[in-house]
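Every number for a ligand or one of its atoms is a count from 1 in the order of the listing. Count residues from 1 along the sequence.
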Amino acid sequence: MTGRVDFRHEPVLGPRAIELLAPTGEGLYVDGTVGGGGHARLLLERCPDCRLLAVDRDPEALEAARAALAGYAPRVRFLQARFDEVGDDREVRSDGIAGALLDLGVSSHQIDRDHRGFTFRAQAPLDMRMTPEGASAADLLNDAPVDELARVFREYGEERRARALAREVVRRRATAPLRVSDDLVAAIVRVLGPGVAAQDKARIFQALRIAVNGELEALERALPALRNALRDGGVLVVISYHSLEDRLVKHSFREWSRACVCPPELPVCGCRGRALGRSLTRKPERPSAGEVANNPRARSALLRAWRKAA
Ligand SMILES: C[S@@+](CC[C@H](N)C(=O)[O-])C[C@H]1O[C@@H](n2cnc3c(N)ncnc32)[C@H](O)[C@@H]1O
């Protein structure tokens, strides 16, 4: 990579996310997916004394966020980490946080840069890693057993022909390893037919990306970790782009909002009897038609927010 990174990103549901976070005072907030810094900038502008821990697992993203947020330098600390590791940060552990935001998935910048391999544009490498370490999409496609590939396509991609696609990948890799997007697209076309829609290809590529980055596992660990780190009255906002992510968020927020967590067979309530907090969004909130027209990548966004009891 050369030069300054242009990572401009229209923050999805930005004003609403910040309204729900309602940053005030000198509180410490966490943007666990700082990306191009769009939401972070809105937060820092809205609250002139708030501090921000700006987190991203992708070093390129963090570099971009540093540039985008340079004007707020004394109030921002940057951390290259996964958002499920934020609870280990010394300041977070000692002081707690006033609020946290997760805007899941990948940024426009990551998708737009062919060398990162998040795209099915011709000849893009099958990479998809958000960090330089670990197995790439090509490694997964070339090494995983057929059952594992079928699971990824079915569970993360909701692909009806998951097993047939997995078998086709295995058949092709016996001759030559899959290296670039075209290799996977050819397998998809073979199984789903030549008229396969771009959104179906995108769904299958997204399934691989979720597997490569362990995205659901990270979210599953992060939700309770961030909840524990929140100070009383603190708010957690999550914007997800996939039904599996949203389901995890919905179930967690619902569970944490229940007053009684005793198993139903217990005759008398033996638990704390007090909800840990409450959801601020009854249903997931979606971007307006106008926002989607301006920023098509916002179209699948679902926002949920939860406030820890004061
Ligand atoms: C949709 S973008 C965020 C855009 C950002 N809200 C903005 O306004 O510019 C998602 C970002 O989260 C990062 N990311 C995804 N999963 C992560 C994880 N588990 N831990 C930390 N960062 C993650 C990605 O690298 C990407 O930069």
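The distance from the CZ atom of Arg129 to the CZ atom of Phe118 is 9.5 Å, given to the nearest 0.5 Å.
Between Arg203 and Glu158, none of the side-chain N atoms (NZ, or NE/NH1/NH2) sits under 4.0 Å from a carboxylate O, so this pair counts as no salt bridge.
Those atoms of ligand 1 that come under 4.0 Å of a heavy atom in Gly36, given as number and element, are 7 (C), 9 (O). Every atom of ligand 1 is numbered from 1 in the order shown, and the set under 4.0 Å from a heavy atom of Phe83 is 16 (N), 17 (C), 18 (C), 19 (N), 20 (N), 21 (C). Near Leu104, the atoms of ligand 1 lying under 4.0 angstrom from a non-hydrogen atom of the residue are 1 (C). Contact atoms of ligand 1 toward Ala81: 20 (N), 21 (C) (distance under 4.0 Å to a heavy atom of the residue). Heavy-atom contacts of Asp58 reach the following atoms of ligand 1: 25 (O) (cutoff under 4.0 Å). The atoms of ligand 1 that sit less than 4.0 Å from any heavy atom of Val34 are 5 (C), 7 (C), 9 (O). Under a 4.0 Å criterion applied to the non-hydrogen atoms of Gly105, ligand 1 contributes the atoms 10 (C), 11 (C), 12 (O), 15 (C), 24 (C), 26 (C). Below 4.0 Å from some heavy atom of Gly32 lie the following atoms of ligand 1, by number and element: 21 (C), 22 (N).
Applying the disulfide bond (SG atoms under 2.5 Å apart) rule to pairs touching residues 281-310 yields nothing, sequence neighbours excluded. Pairs passing the disulfide bond (SG atoms under 2.5 Å apart) check and including a residue from residues 37-83, sequence neighbours excluded, read Cys47-Cys50.
Both the backbone and the side chain of Ser107 come within contact range of ligand 1, each with a heavy atom under 4.0 Å. Counting heavy atoms under 4.0 Å from ligand 1, residue Leu101 does not touch it at all. Using a 4.0 Å cut-off between heavy atoms, Met130 contacts ligand 1 through its side chain alone, with no backbone atom that close. Proximity of Gln110 to ligand 1, defined as any heavy-atom pair under 4.0 Å, is confined to the side chain (atoms from C-beta onward).
A cation-pi geometry, defined here as NZ or CZ lying under 6.0 Å from the six-membered ring centre and within 45° of its normal, does not hold between Arg227 and Trp306.
A salt bridge (charged side-chain N to carboxylate O under 4.0 Å, His left out) with Asp58 holds for exactly one of Arg82, Arg113, Arg116; it is Arg116.
Between Leu219 and ligand 1 there is no heavy-atom distance shorter than 4.0 Å. Not a single heavy atom of Val12 sits less than 4.0 Å from an atom of ligand 1. The shortest heavy-atom distance from Val106 to ligand 1 is under 4.0 Å.
In this structure, Arg161 places its CZ atom where only 12 or fewer heavy-atom neighbours from other residues, nucleotides or ligands lie under 6.0 Å away. Other residues, nucleotides and ligands contribute only 12 or fewer heavy atoms inside 6.0 Å of the CZ atom of Arg160.
Residue Ala301 comes nearest to Pro287 through the heavy atom pair O-CD, 3.5 Å, listed as atom of the first residue, atom of the second, then distance.
Inclusion of Gly38 in the set of residues having an N or O under 3.5 Å from an N or O of ligand 1 is warranted. At under 3.5 Å, a nitrogen or oxygen of Gly37, whether backbone or side chain, sits near a nitrogen or oxygen of ligand 1.
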